[in-house]
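The structure appears below as structure tokens.
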Amino acid sequence: MRRMSALSPAPPLSGPAQERARRARLRLTDLRASRTLTVLAWIGAAVIVITMGSVGFQVIRGASEAIGRFGPLFAFHAAWIPNLNKLGGLSYLYGSLVTSLVSLVFATILGVSIGIFLALLAPRPVANVIGPLVEMLAAIPTVVLGLIGIIVISPFSAHTLEPLFHGVLGWTGLFGAPAQNGASLFTASLVLTIMVLPIISALSRDIFRTVPQELRDGAEALGATRWEMIRGVVLPTTVSGITGACVLGFARAMGEAIAVTQVVGNASLIHANLFFPGTTLASAIANQFESPQNSLTESALYYLALILLIVGVLTSIVSRRIISRGAKLT
Amino acid sequence: MSTVTPDPEFSLRPSGNLARRLLISRAAQGGAVIAAALAVVILLILIGFTVVHGIGALSWSFLTGNLPAATGQAGGIGPALLGTAELALIAGIISVTLGILTALFLTEFASPRVAAPVAATLDVLAGLPTIVAGVFVYGIVVAHFGESGIAAAIALSMVMTPLVARATLESLRRVPATWRDAAAALGVSHWRTVLTVILPGAASGITTAAILAVARGAGETAPLLFTSALYGNNVQLNPLHALPNLPLEIYTLIETGYPVSVQMAWGAAFLLMMTILLVNIVARIGLRRGERKRGL
């Protein structure tokens with residue numbers, strides 16, 4: 001604007017007619033500009049909504065053949081034999097659920113502890129360094145994490161962690177005899193833990209910081225130790241927010257395709273033993289979608305994508321509900 | 001009545017129940033410190049292994065040479081570097097435009113009744129598994145027109161747009177309401193306030209969001225799996241063809257399992273990871289500076 005007036009001489013403001021014309025012109029510009037901006041913003045929002053809608057439409061349409069053939073019981077059949085048109089999603093769903101839940105357990109324990117450290121224990125300058133470092137874990141490309149997973153984490157898991165867990169928790173049946181090469185559901189869970197951890201620790205740190213100082217001071221003034229203050233005041237007031245963070249972390253773990261595919265072993269088996277290779281919904285799609293054996297298999301892969309999509313939408317709605325309800329309470 | 005005389009021998013150290021409670025508290029605090037330390041150690045180990053394995057692969061011919069002509073052969077990653085830069089650029093333009101417009105829509109133009117479902121949709125899109133974005137774009141674009149850089153950029157921007165939109169939303173909300181009121185009091189029209197007061201006020205946050213989203217998109221693999229995987233081994237810059245790219249190149253190099261390929265994968269992983277981490281650090285520091293300067 002300033003440049004315009006510098007270049008062209010200001011219009012003479014003599015007659016009232018010219019003044020009226022100038023105002024009319026300004027009003028017109030205003031009207032046009034405001035309309036353009038409004039329309040652009042509406043288009044932006046519309047693209048988001050339409051995209052999401054067509055994702056649902058596209059995935060359901062792709063899956064329609066498999067839905068017609070297998071119905072909702074698809075999710076409860078374990079066989080996946082494309083040549084015989086016997087297709088079921090259970091082994092994929094099982095692998096996804098198991099790896100996500102195991103990683104969620106690890107990441108919640110670690111992440112909430114880190115959140116407590118960053119929000120309540122560490123001095124601000126320390127927290128301002130450690131916090132971003134933990135969040136940096138989320139910036140590592142998944143394919144790089146998968147590479148490290150294959151070359152570093154798998155052997156470490158097979159030779160160190162798996163015997164350890166087998167020795168201590170072997171009686172549960174979840175931690176059987178260690179596998180040879182480390183390509184297992186357990187290794188996939190470890191890789192997922194690294195991905196989920198920054199989400200849960202960052203969210204829980206932010207949530208813990210919302211607990212009013214007076215509440216915490218009150219507990220300590222009554223003689224509570226630091227831990228009693230955390231357990232008695234901080235955790236109960238933030239439990240809904242932490243749950244929401246866990247739901248988000250779970251969704252992240254369920255949806256991860258690349259790094260999991262690299263370390264999970266890709267065997268459509270169902271074992272209680274976490275040290276056996278397995279597979280997940282997302283890695284089945286990553287492995288097979290490019291060249292499915294027949295159209296029914298392709299449709300069944302769309303069906304797997306549909307399950308993922310449903311899980312994604314549900315977790316998003318649930319976490320939104322939980323977090324907004326928690327916000328109302330505090 | 002006996003008078004109370006202070007016992008000089010009385011210990012002020014907690015004992016009994018209190019000692020136990022303090023011990024538990026210390027142990028819990030120690031656990032939290034250990035958890036934080038563990039996360040940092042994991043980060044350092046991840047970076048350390050990538051540096052140790054990857055730095056040896058780096059050379060001028062590795063950076064500029066063509067991709068291996070056949071599996072198991074040596075080669076460079078030049079075309080993949082260019083392709084990833086181009087993909088990140090196209091996807092960045094799409095997602096920054098859409099993200100800012102959507103954020104403006106939510107804060108400036110929509111009534112709460114319209115804004116709520118749009119914000120919810122944005123959340124769902126943010127939680128969309130990246131592989132599903134790849135499957136979707138395969139279905140609507142690749143199935144009809146074949147693989148292309150454009151298709152891959154669309155899939156990437158589905159991952160990046162919610163990131164830009166959310167971060168923009170946050171920085172728009174942090175623009176003080178007094179600025180808006182001041183503009184209104186001066187008789188500035190709404191659109192002019194948005195363009196000259198609110199957006200510039202949120203500029204540092206929006207810039208950071210854009211940079212972080214591009215860094216995230218550059219490292220994504222799953223959206224490219226079915227949209228830009230069938231590329232040749234030399235430089236391809238035409239976005240109507242499949243573009244060679246770093247993430248998929250790393251992925252396929254590892255799959256082959258040849259030592260020379262894995263060595264190349266480490267080199268490429270080193271470059272990709274270091275670039276993304278550095279961009280992240282710089283963007284975050286820049287954001288903090290920018291906000292401090294404006295006293296936010």
If you measure from OH on B:Y251 to CD on A:Q262, what distance do you get to the nearest 0.5 Å?
6.0 Å
For A:V49 and B:T121 the tightest heavy-atom approach is CA-CG2, 3.9 Å
The interface call for B:L195 against chain A, heavy-atom contacts under 4.5 Å, is side chain
Engaged part of B:A215 at the chain A interface, taking heavy atoms whose separation is under 4.5 Å:
neither
When rounded to the nearest 0.5 Å, the distance separating CH2 of B:W191 from OG1 of A:T29 is 7.5 Å
Step by step, would you call B:L46 with A:I194 a side-chain contact (heavy atoms from CB on, under 4.5 Å)?
CA-CA 10 Å; B:L46 296 179; A:I194 298 178; 4.0 Å; yes
Given a strict heavy-atom distance threshold of 4.5 Å, which part of B:F270 is in contact with chain A: side chain, backbone, both, or neither?
neither
Whatever's closer than 4.5 Å to a heavy atom in chain A on B:T221 counts as both
Taking all non-hydrogen atoms of both residues, which atom of B:A32 and which atom of A:F117 are closest, and how far apart?
O-CB, 3.8 Å
Tabulate, in ascending numerical order, the residues of residues 138-148 of chain A having at least one heavy atom closer than 4.5 Å to a heavy atom of chain B, or enter 'none'.
A:A139, A:I140, A:P141, A:T142, A:V143, A:V144, A:L145, A:L147, A:I148
On a heavy-atom basis, the closest approach of B:S189 and A:D30 is OG-OD1, 3.2 Å
Which residue pairs pass the side chain to side chain donor-acceptor pair (under 3.5 Å) test when at least one of the two sits in residues 107-134 of chain A, sequence neighbours left out?
none
Non-hydrogen atoms of B:G139 and A:Y302 that approach each other most closely:
CA-OH, 3.8 Å
Segment of B:I140 engaging chain A (4.5 angstrom heavy-atom cut-off):
both
Looking at A:M136, A:M229, A:E290, which has the largest count of heavy-atom pairs under 4.5 Å with chain B?
A:M136
With chain A as the partner chain, list the residues of residues 95-103 of chain B whose heavy atoms fall under 4.5 Å from it, by residue number, and write 'none' if nothing qualifies.
B:L98, B:L101, B:T102
Carefully, step by step, assess A:F289 and B:I131 under the rule side-chain contact (heavy atoms from CB on, under 4.5 Å).
CA-CA 10 Å; A:F289 189 75; B:I131 189 94; over 6 Å; no
Pick one: which of A:L281, A:L306, A:L304, A:V55 meets side chain to side chain contact (heavy atoms under 4.5 Å, CB included) with B:V132?
A:V55
Residue part contacting chain A, namely of B:A119, when any heavy atom lies under 4.5 Å:
both
B:F105 versus A:A45, closest heavy-atom pair with distance:
CD2-CB, 3.4 Å
Chi angles and distances behind the side-chain contact (heavy atoms from CB on, under 4.5 Å) call for B:F136, A:T51
CA-CA 10 Å; B:F136 167 68; A:T51 304; 4.2 Å; yes
Evaluate the criterion side-chain contact (heavy atoms from CB on, under 4.5 Å) for residue pair B:I24 and A:T225; output intermediate values, then yes/no.
CA-CA 9 Å; B:I24 292 174; A:T225 62; over 6 Å; no
With chain B as the partner, which of A:V313, A:V152, A:L248 has the greatest number of non-hydrogen pairs under 4.5 Å?
A:V152
Any chance you could measure B:Q29, atom CD, to A:I116, atom CD1, to the nearest 0.5 Å?
10.0 Å
Between CD on residue B:E255 and OG1 on residue A:T261, distance to nearest 0.5 Å:
8.5 Å
Honestly, the part of B:V114 sitting under 4.5 Å from a heavy atom of chain A is side chain
Under 4.5 Å to a heavy atom of chain A? For B:I254 that would be side chain
Scanning both residues in full, the closest heavy-atom pair of B:A39 with A:I114 reads CB-CD1, 3.6 Å
Enter the distance from B:R21:CZ to A:E228:CD here, rounded to the nearest 0.5 Å.
4.0 Å
Where does B:V194 contact chain A at under 4.5 Å (heavy atoms): side chain, backbone, both or neither?
side chain
About how many Å separate CG of B:N280 and CD of A:E135, when rounded to the nearest 0.5 Å?
9.5 Å
Less than 4.5 Å to any heavy atom of chain A: does that hold for the side chain of B:V262, its backbone, both, or neither?
side chain
How would you list, in number order, the residues of residues 224-231 of chain B that have a heavy atom less than 4.5 Å from chain A?
B:L225, B:F226, B:A229, B:L230
Does any heavy atom of chain A fall under 4.5 Å from the side chain of B:L22, the backbone, both, or neither of them?
both
Where on B:L38 is there a heavy atom nearer than 4.5 Å to chain A: the side chain, the backbone, both, or neither?
side chain
